[in-house]
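To keep things clear, I will list the structure first and then write my remarks on it.
Quick caveat: nothing in here was measured; it's all calculated off a predicted structure. Below, chains carry the letters A, B, ... as their sequence lines are ordered, and counting in each starts from 1.
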Amino acid sequence: MQSWKRKSLWLALSASWLLLILLGVSPLLRLAVPSRPLPGAPQGWPRWLDTELLLSFFQPGELPEDVPRPSRAPCGSGCNWAACFDTSQCRGGGLKVFVHPAPGPISETHRRILASIEGSRYHTFSPGEACLLLFLSLDAPAGEPSPVPLQWNGGKNHLVLSLHPAPRPKTFQLGQAMVAEASPTVDTFRPGFDVALPLLPEGHPFRGGAPGQLQQHSPHPRETLVALAEERGGWRTAGTDSSACPWDGRCEQDPGPEQTHPGVTLPNATFCLIPGHRSDALRFLQALQAGCIPVLLSPRWELPFSEVIDWTKAAIIADERLPLQVLAALQEMPPARVLALRQQTQFLWDAYFSSVEKIIHTTLETIQDRVFGASAHPSLMWNSPPGALLALPTFSTSPQDFPFYHLQQGSCLVGRFSALIWVGAEGQPPLKLIQAVAGSQHCAQILVLWSSERPLPPRGKWPETSVPLTVIEGHRKVSDRFFLHSAISTDAILSLDAHTSLSTSEVDFAFSVWQSFPERMVGFLTWSHFWDKARGSWGYTAERANEFSMVLTTAAFYHRYYHTLFTRSLPKALRSLADEAPTCVDVLMNFLVAAVTKLPPIKLPYGKQHQGASPPPASGSSGPKPQTPDLDCINLMAAEFGHMPLVSSRLRLDPVLFKDPVSVLRKKYRSLEKP
Amino acid sequence: MCASVKYNIRGPALIPRMKTKHRIYYITLFSIVLLGLIATGMFQFWPHSIESSDDWGVEKRSVHDVPVVRLPADSPIPERGDLSCRMHTCFDVYRCGFNPKNKIKVYIYSLKKYVDDFGVPVSNTISREYNELLTAISDSDYYTDDINRACLFVPSIDVLNQNTLRIKETAQALAQLSRWDRGTNHLLFNMLPGSPPDYNTALDVPRDRALLAGGGFSTWTYRQGYDVSIPVYSPLSAEVDLPEKGPGPRRYFLLSSQMVLHPEYREDLDALQAKYGDSVLVLDKCTNLSEGVLSVRKRCHKHQVFDYPQVLQEATFCVVLRGARLGQAVLSDVLQAGCVPVVIADSYVLPFSEVLDWKRASVVVPEEKVSDMYSILQSIPQRQIEEMQRQAQWFWEAYFQSVKAIALATLQIINDRIYPYAAISYEEWNDPPAVKWSSVSNPLFLPLIPPQSQGFTAIVLTYDRVESLFRVITEVSKVPSLSKLLVVWNNQNKNPPEESLWPKIRVPLKVVKTAENKLSNRFFPYDEIETEAVLAIDDDIIMLTSDELQFGYEVWREFPDRLVGYPGRLHLWDHEMNKWKYESEWTNEVSMVLTGAAFYHKYFNYLYTYKMPGDIKNWVDAHMNCEDIAMNFLVANVTGKAVIKVTPRKKFKCPECTAIDGLSLDQTHMVERSECINKFASVFGTMPLKVVEHRADPVLYKDDFPEKLKSFPNIGSL
């Protein structure tokens, strides 16, 4: 018993000692020897003992703000938008521009710019109505006197536009006028007031313009990494490791594997290094077109349209003093970034820079955005395809209303459509068609556009439908069908002709396809265009072929936005052309959509059972007579657009089990296969 | 063992000899130990005052104990700020040399107290906010304590509020900083610039080339691309925790809460209130508040008292009018309340305007148009207003809510200028987290149809079926647009056949030997791939006709950002099991294509190899299955688009086999594939696959048209 007691006593004692040592030593040690911070660890900003007692930088009692209203901002060189532009003159929808007549004889460019503005949606003939007065300073060589125009008004609400760097009119004061000039120097440029234009090469196309030169999204594996713009005008390619400072004279002695490309031809390179001098601004546009990512070395000039274009998405603005760092960064740039930059160069080139006309329109659109304030283009519209000239803020300022930005916005399309039936000359209510369309579960409403000479049939003549049916009286013009019908409530429009024959199943399938391609036209009947070598002009045909480039609007799904674009953005000349020749309307709509999307439309299978029922696929009575001289709309339009936007496709989208040798009961869209 | 035995033997002999003295000795010893134990335990667990370990190493002093520096009256004064300064002229970028992390290094001068010849202090030593700001910088990745490695220097001289300092002496204090060098690479923070009566819009302290992060810049004083415009911090936001309030219509359409307004503006606002009645609320100082009520936290309209800033949550638009200064702290309060600021301050450079898109969160109204304000605001659609409310709240959370947020955003902006190739994008600055999550940015966003002449590279993954492989090579080589053939030899135990044995084809043929037999080798971005289009094809796919393959390539050209394949598959939601199910029945829908033969952009090889989320890539290699499902997930997730199934082809089978559709499929295979879908969906955190009801056929497929005139007459069967 005793021994047990002793043993347990000892045990408890030793255990307690052990515990004491374990627990007690470390804090005691810590107390005794204050540990020093590890050498090299940052000391950091001290934690003050009296942090809580520190006073705020701003005492609430201190409210000194009772001062006279600040004087108006100084004018002249000190102008800014709020001080020197009077927006009260800009009422109504959109910017109205008046162009001062040129005092003397004018050059070809000047004349064409004038014509282009006059044909555009911005123009007005009355200076009193105008919100912006444009003074074109295109031809006046520096030094030659140019008289102060009438209605100059101290330059208020004036824009002096010059496509060259700074040959401003010398004889009169700019006053409060804004300046739009090519590559202005950073020091004189007034952000938010002036507009920076690109420096254009001689003979820059006026309209249309060459597309970007990039043929593929990602760089070719053997492509050179870097090309450098040379003073003499050529481009020099150099391996990144050959010399540490390819733009510095010091490295000339190291030739390395470099090559000089004389002239303006751009080498195949991923990045184009452009020195920052003002004269090098020309190279910037060159690189942009070639899809060679511009690397600007401390540019001393303002980048074109920097107010609206986010250049960090298409170019790299680097410091010329850090060659090693820049080259290393270019070499290590992740492929995803290179891919994005390359594509953005092409988009920007094509959207804003490829022609003089686009540059002028971009300038006016920039100023219109300032006037619009909250209802201007969001940045997304400027900086992603199709670009701000084709995405009109008058339609909506919410990107999700447009057919282009659903993915970026993470938004969804509404799963309904509106059918728009155009009743032409024959003037019969298309009863069967209405029933077929109303049978679709996705149909939200049916609109009948009565464009016939005959009187509107009474209410009772129209069939009973499960969806609302609205009859609108048109102006008996073919372009009526693309006007903005406020009654249309859905994103999707199914455009139909009274004599079109479609089944409910076809409508359902077409709508399901359109939801995958909301920016394109999805239709059943197609035409294709071709280059007629013998005549040296474009032609188009309705003959069935292995490819197509247009779908007829007699049976097609497209986005409601294209109505706005048709009405608001097309030059007047084109719209009147469409009214004169009814077949032209289809061509025009296809041109418009293709110019926006740069993609072909989508064709769906069209049952043979309809072929007899439908007259030759054209609206109105006249069939497609492609080469009739008086209906040469395709060439007129190609001229007006400046290029041929149509793109051919060789595929058709069918239901997944289309005409497969499997049980018909498996098939959802079996009626599409009826013989 | 032995010792204890001995002890046990000896023990009993000892006990009878133990005297009382001994016993007392033992008990005392024991109690001492016990006491010690208790004391130690208490010491361990008592909330005591020894600093927690993360504070170790940071000095703990009072701001009043800092060294005093006497500035002689004739010590040098820096030049005034140079208005023409730009990064490439006034900033010494060499100090920021190559840096693998692309982060600038910021040094903070230690705190000193500056006094003049008479011992009168130059300014308050440091304000609470400036201390917070320097603490934030010191805690960030930017901080360095090595003055020689620093790229940016932040003086500890507090110039946040110009009113609290003596201008000339502060300038002298700046000039004597050890690395001042005309202010090069020095960053000053100032929120309240100017002084009565004319209130300059930038700090009046001469500062030479130093960068200024200023609140209240006007376009005349702001050096674009050099200075940084910052908010005027509102100390209220630290005190008040506003309840969450979503976007939507609110009680007042327009509210003005500023206490000090120019009488002319107040007249304009009162006129608006008279005209539009209850939807406009113009608040003012409270005149007869009871004692002890903070006047900053109350606003009055006539005799009605409102809590500030809570009242801001009741309004859709809130007026932010300029005072003597352009920058107003009320902007911060307004944003916090999710009220859309109506900024009326001509020429004011909004905070962080270099990177923030204020059009999305505010309305700027010219000073002249105060009286038209209401109608301007009314023309904004409700949906856009809600978007702005959301955006305003997000700007506050991200860039306004603390001094730390302001400091870090400022440094990020400067960092982006110095390392532009690593800069943060517009979307990262501006998109609220909800949009960032749901949006998809297609890596191939440019609508571009690659030229046909480019052709495609066929990649055949093979193990040892040489005979079948050679047949595939021969068949594929007949496709007109094939430009190169790459055989990925996945068998490490066997060498590929000799060169002479391979079929002779018209395009280059390359064999790549892999180091390990892995399925992911098929999707590796080999340098040998020179075309953008890649055809992945198994070594037993011999049933595809040349027309079928060529047509597949043509379809890919029209949809270069999608997977274009032949047999389609579908994922379905199994309601009974509550999970995803793989479906290979011949249905009317498609959401995946098999990569046994599929065209896609070679960039997806890069994504598959290097950017596949989670452990999917290793998982696929370990299970030797589902690499095609993984590829379908990856492409759909990054593009947000569906696959394109081409031609009626429903399955890959060798013509020799006589398998009956459906029945031949191994049940366990289906279970495994379903598991893959569930696994991938959980790794991706979403189901990216898109279901469509269409497939692509040649324009004249099965049309009543002469076969020989068709481009792709031989399109194959199921």
Side-chain angles (χ1 to χ4, degrees), chain A residues 2-3 16 20 23-24 37 42-50 54 56-58 60 63-65 67 69 80 82 191 215-218 221 298 310 316-319 321-322 325 329 335 339 343 346 374 379 397-398 407-408 410 512-513 516 546 598-599 650-654 656 659-660 668, chain B residues 11-12 15 33 36-37 40 57-59 62-63 88 93 98 127-129 134-135 138 145 160-161 219 224 235 260 262 264 296 323-324 346-347 357 363 366 380 383-384 420-421 426 438-440 444 446-447 450-451 532 554-555 588 590 603 606 640 648 692-697 699 702 711:
Chain A
Q2 285 282 23
S3 97
S16 328
L20 191 77
L23 293 172
Q43 286 268 328
W45 182 250
R47 306 293 196 255
W48 305 108
L49 285 168
D50 39 9
L54 291 179
S56 175
F57 77 112
F58 169 74
L63 284 166
E65 325 221 357
V67 287
R69 195 168 177 158
N80 68 13
Q215 302 249 307
Q216 52 178 50
H217 289 96
S218 49
S298 308
D310 181 1
I316 291 162
I317 298 147
D319 199 302
R321 294 170 295 173
L322 293 177
Q325 202 171 310
L339 202 59
Q343 294 177 74
Q346 297 296 283
S379 168
T397 47
S398 301
L407 292 171
Q408 283 128 299
S512 111
V513 172
S516 289
N546 282 298
K598 321 248 181 293
L599 294 170
R650 309 188 75 178
L651 61 93
R652 184 182 75 196
L653 293 185
D654 295 336
V656 172
K659 295 203 178 170
D660 283 345
K668 185 173 173 191
Chain B
I15 287 172
V33 168
L37 245 172
T40 321
V58 180
E59 293 172 82
S62 158
V63 283
H88 64 264
V93 79
F98 184 72
S127 66
R128 191 194 321 140
E129 283 78 12
L134 294 180
T135 308
S138 157
D145 61 348
L160 280 182
N161 184 354
T219 48
Q224 179 119 29
V260 185
H262 190 273
E264 267 182 60
V296 211
D346 286 0
S347 83
D357 185 354
V363 183
I380 302 172
R383 193 152 54 132
Q384 196 181 343
Y421 24 79
Y426 169 90
S438 62
S439 75
V440 175
L444 303 167
L446 185 73
E532 286 196 287
E554 303 265 338
V555 172
N588 288 286
V590 176
Y603 177 68
Y606 163 80
V692 290
E693 298 183 320
H694 51 255
R695 71 167 199 238
D697 288 325
V699 172
K702 294 250 166 139
S711 294

Check whether B:Ser138 reaches the backbone of A:Gly44 with its side chain - one donor and one acceptor, N or O, closer than 3.5 Å. no
Do any N or O atoms from the side chain of A:Asp654 and from the backbone of B:Asp697 form a donor-acceptor pair under 3.5 angstrom?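 Here the side-chain-to-backbone pair does not exist.
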At a heavy-atom distance under 4.5 Å, which candidate from [options] has the highest pair count against chain B?
options                                : result
A:Lys598, A:Gln408, A:Arg650, A:Lys668 : A:Arg650
A:Val656, A:Leu54, A:Ile316            : A:Val656
A:Ser298, A:Pro335, A:Ser516           : A:Pro335

Is it the side chain or the backbone of [X] that comes within 4.5 Å of chain A heavy atoms, both, or neither?
X        : result
B:Thr219 : side chain
B:Pro648 : both
B:Glu693 : both
B:Tyr603 : side chain

Going from CG on B:Asp346 to CG on A:Asn80, what distance comes out if it is rounded to the nearest 0.5 angstrom? 7.0 Å
Atom CG of B:Asp145 and atom CH2 of A:Trp45: how far apart are they, to the nearest 0.5 Å? 13.5 Å
With the side chain counted from C-beta on, respond yes when [X] and [Y] share a heavy-atom pair under 4.5 Å apart, and no when they do not.
X        : Y        : answer
A:Ser379 : B:Tyr426 : yes
B:Leu446 : A:His217 : yes
A:Gln325 : B:Val93  : no
A:Asn546 : B:Val699 : no
B:Glu129 : A:Ser56  : yes

Heavy-atom pair with the smallest gap, counting every atom of [X] and [Y]:
X        : Y        : result
B:Asn161 : A:Phe58  : ND2-CA, 4.4 Å
B:Glu532 : A:Gln215 : OE1-O, 4.4 Å
B:Ser62  : A:Leu49  : N-CD1, 4.3 Å
A:Ala318 : B:Pro420 : CA-CG, 3.9 Å
A:Arg321 : B:His88  : NH2-CA, 3.5 Å
B:Gly640 : A:Leu407 : O-CD2, 3.5 Å

Under 3.5 Å side-chain donor-acceptor pair for A:Ser398 and B:Gln384: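 No pair is found: no donor N or O on one side chain lies under 3.5 Å from an acceptor on the other.
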Step by step, would you call B:Arg695 with A:Asp660 a salt bridge (charged side-chain N to carboxylate O under 4.0 Å, His left out)? CA-CA 12 Å; B:Arg695 71 167 199 238; A:Asp660 283 345; 3.3 Å; yes
Does any heavy atom of chain B fall under 4.5 Å from the side chain of A:Leu651, the backbone, both, or neither of them? both
Per-residue tally against chain A (heavy atom, under 4.5 Å) across B:Pro451, B:Pro366, B:Pro450, B:Pro235 peaks at B:Pro451
Given side-chain contact (heavy atoms from CB on, under 4.5 Å), test B:Leu444 with A:Leu339 step by step and report yes or no. CA-CA 8 Å; B:Leu444 303 167; A:Leu339 202 59; 3.9 Å; yes
Does a salt bridge link A:Asp50 with B:Arg128, judged by any charged N lying under 4.0 Å from a carboxylate O?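 So A:Asp50 does not pair with B:Arg128 through a salt bridge.
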